[in-house]
Amino acid sequence: MSALVSESARLSPTAVLGGHRVVPVVVLDDVGAAPALSEALLAGGLPVAEVTFRTPAAAAVLRRLADRTDLVVGAGTVLTVAHVDEAVQAGARFIVSPGLSAAVVRRCVDLGVPVLPGVATASEVMQALDLGLDTVKFFPAEANGGLTAVKALAAAFPQVRFVPTGGITVDSAPTYLAHPAVAAVGGSWMVAADLLASGRWDEVAGRCVAATSLYAVSPGDPGAASDAGGPVEGVGS
Ligand SMILES: O=C(O)C(=O)C[C@H](O)[C@H](O)COP(=O)(O)O
């Protein structure tokens with residue numbers, strides 16, 4: 001294994017997920033709701049959250065969620081190097097972007113934080129490969145051709161794994177997850193804004209249970225759930 005491959009494996013954003021293959025994408029502007037959200041995710045058996053940097057409260061929400069060492073919390077909608085720094089300081093254990101910024105990727109690599117940049121085209125996959133990555137988000141998945149597009153990209157790039165996100169539902173997720181090039185999917189359906197706003201935590205937990213029923217968590221996966229509280233530097237090591 002080359003040094004480049006070894007490094008990219010160490011920084012794999014999916015290794016940090018502890019074998020989980022659905023990433024709840026959270027948009028929350030009420031920091032006070034973070035503890036209840038943590039409990040709902042844990043009760044639903046899906047101890048993972050991507051907190052999007054789309055609200056002024058994002059860093060504070062991320063910090064509150066990351067207080068729980070039994071949750072793996074990352075940051076989404078990370079657009080700039082400054083966002084990366086803010087997210088990591090708040091406890092983000094992985095970074096997700098809607099697009100591919102070499103500056104964002106390089107900052108994450110420098111900090112030793114797994115990064116999942118968004119791609120929508122073959123050219124962007126090639127840029128990700130040039131940056132030493134082997135796992136990318138496919139975004140916005142449904143708007144860009146869905147599973148048909150994933151299959152076409154995977155045929156050209158068999159060394160790449162994809163995390164389709166954007167427009168995916170509990171109904172469409174299984175067909176994505178069944179494709180060998182799909183490492184995981186992201187989505188907001190189990191943490192929908194209306195559920196969070198109205199405090200329907202039982203429904204959030206129930207949707208998490210339904211999401212986890214779509215895949216089997218392999219105990220042999222790198223960064224397995226028992227390591228969920230480990231430091232970023234330990235991911236995949
Ligand atoms: O900006 C980012 O980095 C993101 O992560 C965007 C989210 O992945 C999508 O907004 C989730 O899409 P829905 O499941 O359709 O709500």
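Hydrogens, waters and symmetry mates play no part in the numbers below; they use all other heavy atoms, side chains included. One-based numbering, in listed order, for ligands and for the atoms of each.
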Self-check item: Distance in Å, Leu100 CG paired with Leu131 CG, rounded so as to fall on 0.5 Å steps
Solution: 6.0 Å
Exercise. Identify the two heavy atoms, one from Ala173 and one from Val185, that lie closest to each other, and give their separation to 0.1 Å.
Key: CB-CG2, 4.2 Å
Quiz prompt | Residue contacts for ligand 1, heavy atom to ligand atom, distance under 4.0 Å | solution = Val25, Glu50, Arg54, Gly76, Thr77, Val96, Ser97, Pro98, Lys137, Phe139, Thr165, Gly166, Gly167, Gly187, Ser188
Quiz prompt | Sequence-distant partners of Asp85, salt bridge (Lys or Arg N to Asp or Glu O under 4.0 Å), two or more places apart | solution = Arg107
Quiz prompt | Pro140: partners by side chain to side chain contact (heavy atoms under 4.5 Å, CB included), with sequence neighbours left out | solution = Ala143, Asn144
Self-check item: Any donor-acceptor N or O pair under 3.5 Å, side chains Arg68, Ser38
Solution: no
Self-check item: By side chain to side chain contact (heavy atoms under 4.5 Å, CB included) - contacts of Ala103 (at least two apart)
Solution: Val81, Ser101
